[in-house]
Amino acid sequence: MADKDLLINEKVEFNGVFSFEEAYAYAFNWFKDEGFGLIEERYSEKVTASGRDIKFEWSAKKGSSDYFDIDLKVKVEVEGLSDVEVEIEGKKKKSNKGKIAFGIKGVLVKDPSSAWDESPFYKFLRDVYNKYIIPGRIDSMEDRVKDDVRDFKEKMKIFFEISGKR
């Protein structure tokens with residue numbers, strides 16, 4: 001079985017006026033632009049008196065080499081999403097109002113194909129390989145995972161900051 005190390009867990013929250021459609025597309029396109037394969041694992045929507053509550057989870061994977069994969073888990077919760085009309089540069093535009101939260105977890109997967117799990121001896125060799133031969137590469141890959149999560153978080157914060165000021 002592949003070794004999976006949870007390295008970072010971040011969260012971005014915004015409460016106010018924003019376009020849910022644009023936020024969804026912006027986040028989705030960030031993963032595509034960064035070379036991640038994206039799967040929507042869950043999606044649910046519930047209509048309440050205060051608006052729509054939406055929850056969805058994404059799994060984003062990027063193969064970095066034969067021995068490493070970057071796996072990001074994104075959990076999004078939207079509460080009280082309602083339609084509003086805003087004025088942007090003198091023109092009325094439909095938008096949304098509510099609270100949205102992105103939770104992002106960064107995982108480094110070592111030996112994703114489980115090639116080193118065929119026997120106890122290979123598992124021993126994998127441990128030696130990880131501890132004594134490639135610790136520098138592992139550190140570098142861990143930094144890449146953390147950088148990807150932090151970059152996504154910062155890009156979403158900027159998106160909400162800009163969309164909230166319109």
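Values reported hereafter were calculated over all heavy atoms of this structure, with side chains retained and with hydrogens, waters and symmetry mates removed.
- Between Y26 and F159, the ring planes lie parallel to each other; the angle is under 30°, not in the 30° to 60° tilted range.
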Quick one: side chains of residues 132-151, donor-acceptor pairs under 3.5 Å with protein atoms, not counting sequence neighbours, listed by atom name and distance.
unit_1	atom_1	unit_2	atom_2	d
R144	NH1	S64	OG	3.0
D151	OD1	K155	NZ	2.8
D151	OD2	W30	NE1	3.2

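- For K32, the NZ atom is densely surrounded, since the number of other residues' heavy atoms within 6.0 Å is greater than 12.
- Atoms CD1 and CG, from I104 and N9 in turn, are 8.5 Å apart once rounded to the nearest 0.5 Å.
- If you check the side chains of K73 and S59, you find a donor sitting under 3.5 Å from an acceptor.
- One N or O on the side chain of S114 and one on the backbone of A2 form a donor-acceptor pair closer than 3.5 Å.
- The number of heavy-atom neighbours closer than 6.0 Å to CG of D33, taken from other residues, nucleotides and ligands shown, is above 12.
- Listed by chain and residue number, nothing satisfies the side chain to side chain donor-acceptor pair (under 3.5 Å) test with K99 (two or more places apart in sequence, or in another chain).
- Residues F31 and F152 bring their aromatic ring centres within 6.0 Å.
- Using a cut-off of 4.0 Å between Lys/Arg side-chain N and Asp/Glu carboxylate O, K153 and E10 are scored as salt-bridged.
- With salt bridges taken as basic N to acidic carboxylate O contacts below 4.0 Å, one links K61 and D71.
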**Report entry** K55 and V78: CA distance, side-chain angles, deciding distance, side chain to side chain contact (heavy atoms under 4.5 Å, CB included) verdict
**Finding:** CA-CA 6 Å; K55 294 181 181 181; V78 182; over 6 Å; no
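- Between W58 atom CH2 and E41 atom CD the span is 12.0 Å, to the nearest 0.5 Å.
- Classification of D69 and K62 as a salt-bridged pair fails, no side-chain N sitting under 4.0 Å from a carboxylate O.
- Annotation for F18 and A23: closest pair CD1-CB, 4.4 Å, computed over non-hydrogen atoms.
- Contact check for V107 versus L72: no side-chain heavy atoms found under the 4.5 Å cut-off.
- A donor-acceptor distance shorter than 3.5 angstrom exists from the side chain of D111 to the backbone of W116, with no hydrogens or angles considered.
- Y43 and E45 share a donor-acceptor pair across their side chains, judged by distance under 3.5 Å alone.
- Atoms CD1 and CZ, on I100 and F20 in that order, are 6.0 Å from each other to the nearest 0.5 Å.
- Between K110 and D5 there is a salt bridge, since at least one side-chain N of the basic residue sits less than 4.0 Å from a carboxylate O of the acidic one.
- Note that CG of N96 and CD of E22 are 9.0 Å apart. Values are rounded to the nearest 0.5 Å.
- Annotation: the span from K97 atom NZ to S95 atom OG amounts to 11.0 Å, rounded to 0.5 Å.
- Surrounding CD of E40 are more than 12 heavy atoms belonging to other residues, nucleotides or ligands, all under 6.0 Å away.
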Report task. Quick one: do R126 and D3 satisfy side chain to side chain contact (heavy atoms under 4.5 Å, CB included)? Show the steps, please. Result -> CA-CA 10 Å; R126 179 181 59 200; D3 283 341; 3.8 Å; yes
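- Note: F14 and F102 fail the aromatic proximity criterion, with ring centroids not under 6.0 Å apart.
- Separation of atoms OH (Y129) and CG (D127) is listed at 13.0 Å; rounding is to 0.5 Å.
- V109 and L7 are assigned to two separate hydrophobic clusters, defined by single-linkage of ILVMFWY side chains at heavy-atom distances under 4.5 Å.
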